[in-house]
Engineer: 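Dropping a structure here in structure tokens format, bear with me for questions.
Below, chains carry the letters A, B, ... as their sequence lines are ordered, and counting in each starts from 1.
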Amino acid sequence: MIRLGLCCKFLNEQIRFYTTTARYVGGLSPEKKTAKIKNLCLQNAQSLLSAIDYCSKNNIGSFRINSRILPLKTHPDFGYDIKKLPQAKEIEGTFKLCGRRAKASGIRLTFHPDQFVLLSSPHKEVTRKSIQELEYQAEVSEWVGADVIIIHAGGAYGDKNAALKRLSYELQKLPKSVYKRLAIENDDRVYTPKDLLGFCKTNGVPFVYDVHHHRCLKEGLSVEQVTEAALKTWNREPLFHVSSPKFGWERARPNLHHDFINIQDFPECWRGLPITVEVEAKAKELAVKKLRSQLLSFRKGI
DNA sequence: AGCGGTCAAGTTGAT
DNA sequence: ATCAACTTGACCGCT
């Protein structure tokens, strides 16, 4: 059966991840600042453990970890080395416990850095900060055993080929801890599956197929064609994304995500494949549960 | 307890 | 020109 994944947070379940802002910690004394950040890191590590246990008990096969699991980790003014925080051993130890727990219960863990992380930018500073962010997420990945860090190809800057060339160049220079986890996903504005499938193959990076984005930004390839090609880019369990449009396909802004997945939007050709499908839906764990029950009962055309 | 203003970051396209 | 959207609205200070 397909492994369904929950993204970042819970709707009803009382498991929360906490963060803070640069502005706020900027107004604290050094002692209070360190204490605040240490507490958030420790709480988040414990919340991740709860999230893994919840997924394990509720037949949710994977969990995407929020990029702010260690708040402000790479901030230019307030970033920090986890090993230098008070209770560093306890924080790291809790994350490693998450890793053992996830492995024991077969829960796959993933990361999806946010929109500021790009390797195709012509601006050196953007690239430098992106790599720093990727290294941080890879560090946590090492502790918890996350095997995928998904990014988009970024902007086109008026010349897609030149942008992809920069991306390729940066990919080959990445530290191994990042490169071995990195995967690239099609987006809904710039890069289609067609743009990325060959690129991913050539560069030894798996392709994350987001079928919703593909339906928003079409290029002529069918869902079946892309699915087949995407599977071949993976050297481990392939990972895809699904979501449904908030206001329907015929209305404006189909890219906005619905609370739940409409079973009609779940590609028929994905059924029975040994893949992870991350469910990008606002109703979170409720949406994953509903999709699972519909996949078990629903047959198209009935 | 509830509410409103605010929050580090890049790029694009709709308005 | 401004702003919302993107994988995730959450946090803090004021009343």
Side-chain angles (χ1 to χ4, degrees), chain A residues 5-11 13 15-28 32 36-37 39-40 43-44 47-48 51 62-80 109-134 136-137 146 148-160 163 166-167 183-191 208 210 212-213 216-217 239-243 245-247 251-259 276-285 287-288:
Chain A
L6 171 63
C7 298
C8 304
K9 58 184 296 201
F10 295 81
L11 184 68
E13 198 59 26
I15 298 172
R16 294 190 54 197
F17 295 91
Y18 302 87
T19 187
T20 187
T21 61
R23 174 174 291 247
Y24 177 69
V25 298
L28 299 177
K32 285 193 169 171
K36 170 83 180 171
I37 288 186
N39 285 335
L40 292 173
Q43 279 181 305
N44 286 347
S47 293
L48 181 58
S62 88
F63 184 71
R64 179 189 298 172
I65 302 171
N66 179 351
S67 295
R68 294 193 273 206
I69 187 90
L70 303 181
L72 299 175
K73 176 71 170 70
T74 61
H75 188 280
D77 299 324
F78 306 112
Y80 49 92
L109 296 173
T110 72
F111 276 92
H112 194 345
D114 59 33
Q115 61 271 33
F116 312 106
V117 178
L118 335 153
L119 297 176
S120 61
S121 175
H123 309 110
K124 284 270 177 292
E125 263 309 279
V126 173
T127 307
R128 186 188 67 75
K129 284 189 277 188
S130 294
I131 293 170
Q132 194 186 9
E133 181 74 17
L134 289 168
Y136 137 58
Q137 298 197 14
V148 203
I149 300 177
I150 304 162
I151 62 171
H152 291 285
Y157 314 89
D159 185 346
K160 236 186 233 187
R166 285 191 296 273
L167 173 56
I184 298 180
E185 178 190 348
N186 61 304
D187 61 82
D188 60 355
R189 341 259 298 230
V190 183
Y191 290 95
V208 174
D210 186 316
H212 184 81
H213 287 157
C216 292
L217 183 69
L239 192 151
F240 295 168
H241 288 173
V242 74
S243 35
K246 182 169 185 171
F247 305 112
R251 304 282 296 277
R253 298 190 295 167
N255 53 314
L256 298 190
H257 290 172
H258 199 279
D259 290 347
T276 297
V277 177
E278 290 187 330
V279 177
E280 297 184 334
K282 302 286 185 193
K284 299 296 154 190
E285 78 276 15
V288 178

Engineer: Relative to A:Phe17, does A:Lys9 satisfy both conditions: NZ or CZ under 6.0 angstrom from the six-membered ring centre, and within 45 degrees of the ring's axis?
Structural biologist: no
Engineer: So which one's nearest nucleotide on DNA chain C is more toward 5', A:Lys282 or A:Leu256?
Structural biologist: A:Leu256
Engineer: For DNA chain B, what string of dots and brackets results from 5' to 3' when Watson-Crick and G-U pairs need both distances under 3.5 Å, crossing pairs get [ ], and pairs with another strand get |?
Structural biologist: |||||||..||||||
Engineer: Round to the nearest Å and state the distance from A:Lys73 atom NZ to B:dA9 atom C1'.
Structural biologist: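 Distance, rounded to whole Å: 16 Å.
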Engineer: How far does the P atom of C:dG13 sit from the matching atom of C:dT8, given to the nearest Å?
Structural biologist: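 The answer is 27 Å between these two P atoms.
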Engineer: How far, in whole Å, is C:dC3 from B:dC7 if one measures between their C1' atoms?
Structural biologist: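 Straight-line distance between the two C1' atoms is 16 Å.
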Engineer: Would you kindly give the CZ-to-P distance between A:Phe78 and C:dC11, to the nearest whole Å?
Structural biologist: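 In whole Å, C:dC11 P lies 18 Å from A:Phe78 CZ.
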Engineer: In whole Å, I'd like the distance from the CG atom of A:Asn255 to the P atom of B:dT15.
Structural biologist: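 Taking atom P of B:dT15 as the reference, CG of A:Asn255 is at 11 Å.
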Engineer: Give the rounded distance in Å between these two atoms: CD of A:Gln43 and P of C:dA10.
Structural biologist: 15 Å
Engineer: Could you tell me the separation between the CZ atom of A:Phe10 and the P atom of C:dA10, rounded to a whole number of Å?
Structural biologist: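 It works out to 13 Å between those atoms.
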Engineer: From NE2 of A:His257 over to P of C:dT8, roughly how many Å is that when rounded to an integer?
Structural biologist: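 For the pair A:His257 NE2 and C:dT8 P, the rounded distance is 6 Å.
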Engineer: Does the side-chain ring of A:Phe116 lie flat on the base of B:dA9, meaning centres under 5.5 Å and planes less than 30 degrees apart?
Structural biologist: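 By the stated criterion, A:Phe116 and B:dA9 stack.
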Engineer: Nearest whole angstrom, please: distance from the P of C:dT8 to the CD of A:Gln137.
Structural biologist: 15 Å
Engineer: Looking at A:Leu118, is its backbone amide N or carbonyl O close enough to the side chain of A:Ser130 to form a donor-acceptor pair, meaning the two atoms are under 3.5 Å apart?
Structural biologist: yes
Engineer: To the nearest Å, give me how far apart CD (A:Glu285) and C1' (C:dT8) are.
Structural biologist: 13 Å
